[in-house]
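Below is one structure, written out as structure tokens, with a few remarks after it.
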Amino acid sequence: MTDVTTETYDILPTDYFLCVDTATFAVTLNLPTGKLGTVYIMKDCSGNADVNPITINGSGGQLVDGSSATINTPFGSVSLIFNGSEWSIV
């Protein structure tokens, strides 16, 4: 588990479950270059994503379902898998 306590976090290839602190600010997560089958789970562990949302961005043209993803519900989560060309929400 990785605790994210900064406004911006570059996800590492070794990360898997990211517990994001949204208590005081919105958070932007930047995905690394994907490898087929890689999975990440991101969760609002503070319960404040309705006020301080979490934005998840791809990199290098590898988007999240054609764009980006947002967690904006308290204690919400998103699971992603890389399908070989982009990140898919599952």
Side-chain angles (χ1 to χ4, degrees):
M1 180 174 81
T2 301
D3 289 317
V4 178
T5 58
T6 57
E7 291 183 64
T8 303
Y9 180 74
D10 295 328
I11 298 172
L12 302 173
T14 54
D15 289 333
Y16 175 68
F17 177 77
L18 293 98
C19 183
V20 182
D21 181 353
T22 58
T24 55
F25 43 74
V27 176
T28 299
L29 302 175
N30 298 309
L31 291 158
T33 301
K35 292 185 181 176
L36 183 63
T38 300
V39 173
Y40 292 111
I41 301 167
M42 287 128 300
K43 179 170 179 63
D44 170 23
C45 290
S46 299
N48 296 296
D50 56 334
V51 176
N52 297 315
I54 302 164
T55 302
I56 305 154
N57 296 316
S59 63
Q62 298 175 342
L63 303 176
V64 179
D65 282 343
S67 184
S68 61
T70 302
I71 300 170
N72 56 9
T73 55
F75 300 104
S77 67
V78 169
S79 298
L80 302 174
I81 187 167
F82 189 71
N83 66 19
S85 60
E86 71 173 4
W87 295 94
S88 295
I89 298 172
V90 292

Inset, instruction - Mind jotting down which residue pairs meet the ring-ring contact (aromatic ring centres under 6.0 Å, His included) criterion with at least one end in residues 41-72? Sequence neighbours excluded, please. - result: none
Inset, instruction - Please round to the nearest 0.5 Å and tell me the distance separating atom CE of M1 and atom CG of D15. - result: 11.5 Å
Please list, one pair per line, the donor and acceptor atoms closer than 3.5 Å that link side chains of residues 46-60 to other protein atoms, with sequence neighbours excluded.
unit_1 : atom_1 : unit_2 : atom_2 : d
S46    : OG     : D21    : OD1    : 2.8
S46    : OG     : T22    : N      : 3.3
N48    : ND2    : S46    : O      : 3.3
N52    : ND2    : T22    : O      : 2.9
S59    : OG     : L31    : O      : 3.0

Inset, instruction - For Y40, check side chain to side chain donor-acceptor pair (under 3.5 Å) against everything at least two apart and list the hits. - result: none
Inset, instruction - Using the ring-ring contact (aromatic ring centres under 6.0 Å, His included) rule, collect all pairs that involve residues 6-27, keeping only residues at least two apart or in two chains. - result: none
Legend entry - I11 vs M42 side-chain heavy atoms within contact, under 4.5 Å: yes
Side-chain donor-acceptor pairs of residues 62-81 under 3.5 Å, sequence neighbours excluded:
unit_1 : atom_1 : unit_2 : atom_2 : d
Q62    : OE1    : G34    : N      : 2.6
D65    : OD2    : I89    : N      : 3.3

Inset, instruction - Using the side-chain hydrogen bond (donor to acceptor under 3.5 Å, both in side chains) rule, collect all pairs that involve residues 80-90, keeping only residues at least two apart or in two chains. - result: N83-S85, N83-S88
Inset, instruction - Report yes or no: do L12 and I41 belong to one cluster of Ile/Leu/Val/Met/Phe/Trp/Tyr joined by side chain heavy-atom distances under 4.5 Å? - result: no
